[in-house]
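Take a look at the structure set out below.
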Amino acid sequence: KGKNVIFVAGLGDIGLDTSKELLTRELKNLVIMDVRENTEGLCALKEICPETKVTFIKYDVTVPLDESKKVLKKIFDKLKTVDILINGAGILDDHKIEATIAVNYTGLVNTTTAIMEFWDKRCGGPGGIICNIGSVTGFNAIYQVPVYSGSKAAVVNFTSSLAKLAGITGVTAYSVNPGITRTTLVQKFNSWLDVEPDVAELLLEHPTQSTKECAENFVKAIEKNKNGGLW
């Protein structure tokens, strides 16, 4: 309650339901940075808690680090303080090797690096909280999509390192790693070198969860706020 939250990719499948769940906690500000423009979803969010100011900023996580810093500076100039950064951008297509690494890992690292300028206690900052959305594939790979799985393993290790650096930076971190969630992401995707053409169909034969179920537990993890947590 009363917190300022930045949510990167807060209008996606899991992102939108998580944003809805967050707004039931009476945030002060929710700033959604997303490459997609979901006007209908944004309007629905604004109706949940009229006291919370919901702002949308078009943002592509693959932009250079300096561009990320400029976007965040505008946010901090306006809000003065930000309590939590949620990094949620992700794609699943092992035909798109560079894009997968850029969106799933490099973009997450750059956005995190950019916010340190405002949070790092060595620079007089107040500290902050990073919540990175990973995947169970980060520690239990879907071997037919090694590029995606590898990018998520990188997120898990990066987040773990951030948590161990909290004593130096004042910034804590944890990761939320969903299992198979029924999103557009998993309906149809490509395996690396087409080693398994039916990978999407095979994946969905396993137990799955809805985006709403995922969102409810996601926000529980945020409320627990356990530095180094691997949820």
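- One distance of note links OG of Ser210 with CG of Asp17; it measures 7.5 Å at 0.5 Å rounding.
- Annotation for Lys121: atom NZ counts as buried by contact number, over 12 foreign heavy atoms lying within 6.0 Å.
- Inter-residue side-chain proximity for Thr81 and Pro126 is flagged as unmet; no heavy-atom pair is nearer than 4.5 Å.
- The closest side-chain heavy-atom distance from Leu85 to Ile129 is not below 4.5 Å.
- A heavy-atom distance below 4.5 Å is not found between the side chains of Phe218 and Trp231.
- Note: Ile84 CD1 to Leu30 CG = 10.5 Å, rounded to the nearest 0.5 Å.
- Under the side chain to side chain contact (heavy atoms under 4.5 Å, CB included) rule, Lys46 has a single partner from Val54, Leu23, Thr55, which is Val54.
- Of the N and O atoms on the side chains of Ser68 and Tyr59, at least one donor lies less than 3.5 Å from an acceptor on the other residue.
- The structure places CG of Leu72 at 7.0 Å from OG1 of Thr111, a figure rounded to the nearest 0.5 Å.
- To the nearest 0.5 Å, the span separating CG on Leu45 from CG on Leu11 amounts to 6.5 Å.
- No side-chain N or O of Asn177 forms a donor-acceptor pair with one of Ser135 less than 3.5 Å apart.
- Open room surrounds NZ on Lys28; 12 or fewer heavy atoms of other groups in view lie less than 6.0 Å from it.
- Side-chain contact check for Ser149 versus Tyr143: every heavy-atom pair is 4.5 Å or farther apart.
- A salt bridge is absent between Lys70 and Asp66; no separation between the charged side-chain nitrogens and carboxylate oxygens falls under 4.0 Å.
- Crowding of Phe139 atom CZ: a count of heavy atoms from other residues, nucleotides or ligands under 6.0 Å exceeding 12.
- Note: Phe76 and Phe118 have parallel aromatic rings, judged against thresholds of 30 and 60 degrees for the angle between ring planes.
- Judged purely by atom type and a 3.5 angstrom limit, Thr181 has no side-chain atom pairing as donor or acceptor with the backbone of Thr183.
- Checked by atom type, the side-chain pair Glu21/Thr18 shows no donor-acceptor distance below 3.5 Å.
- Side chains of Ile168 and Leu165 form a contact here, defined as non-hydrogen atoms less than 4.5 Å apart.
- At distances below 3.5 Å, at least one donor-acceptor pair connects side-chain atoms of Lys58 with backbone N or O atoms of Val35.
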Yes or no on side chain to side chain contact (heavy atoms under 4.5 Å, CB included) for Lys212 and Lys20, after CA distance, side-chain angles and deciding distance?
CA-CA 9 Å; Lys212 189 174 187 303; Lys20 289 176 180 177; over 6 Å; no
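- A continuous path of hydrophobic side-chain contacts links Leu16 to Leu27 [ILVMFWY only; heavy atoms under 4.5 Å].
- Salt bridge status for Arg25 with Glu223: present, with a side-chain N to carboxylate O gap under 4.0 Å.
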Before you tell me yes or no, could you show the steps for Phe56 and Thr39 under side chain to side chain contact (heavy atoms under 4.5 Å, CB included), namely the whole-Å CA-CA distance, both residues' side-chain angles and the distance that decides it to 0.1 Å?
CA-CA 10 Å; Phe56 171 76; Thr39 306; over 6 Å; no
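- Distance CD1/Ile14 to CD/Glu213: 11.5 Å, rounded to 0.5 Å.
- There is a path of hydrophobic side-chain contacts, each under 4.5 Å, that joins Leu108 to Met116.
- Inspection of the Asn4 and Asp83 side chains reveals no N or O donor paired with an N or O acceptor under 3.5 Å.
- Here the rule is side chain to side chain contact (heavy atoms under 4.5 Å, CB included) with Val61, and of Asn87, Val103, Thr106, Val109 only Val103 fits it.
- Leu203 has its side chain within reach of Phe189: a pair of non-hydrogen atoms, C-beta onward, lies under 4.5 Å apart.
- In this structure, Ile75 and Ile57 have side chains that are in contact, with non-hydrogen atoms separated by less than 4.5 Å.
- In terms of modelled atom types and a separation under 3.5 Å, the side chain of Asp94 and the main chain of Tyr148 share a donor-acceptor contact.
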Step by step, work out the side chain to side chain donor-acceptor pair (under 3.5 Å) result for Asp13 and Thr211.
CA-CA 7 Å; Asp13 294 325; Thr211 54; over 6 Å; no
Could you go through the salt bridge (Lys or Arg N to Asp or Glu O under 4.0 Å) check for Lys220 and Glu216 one step at a time?
CA-CA 6 Å; Lys220 284 180 187 177; Glu216 287 169 354; over 6 Å; no
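- Summarising the geometry, atom CD1 belonging to Ile86 is positioned 10.0 Å from atom CG belonging to Asn132; distances are rounded to the nearest 0.5 Å.
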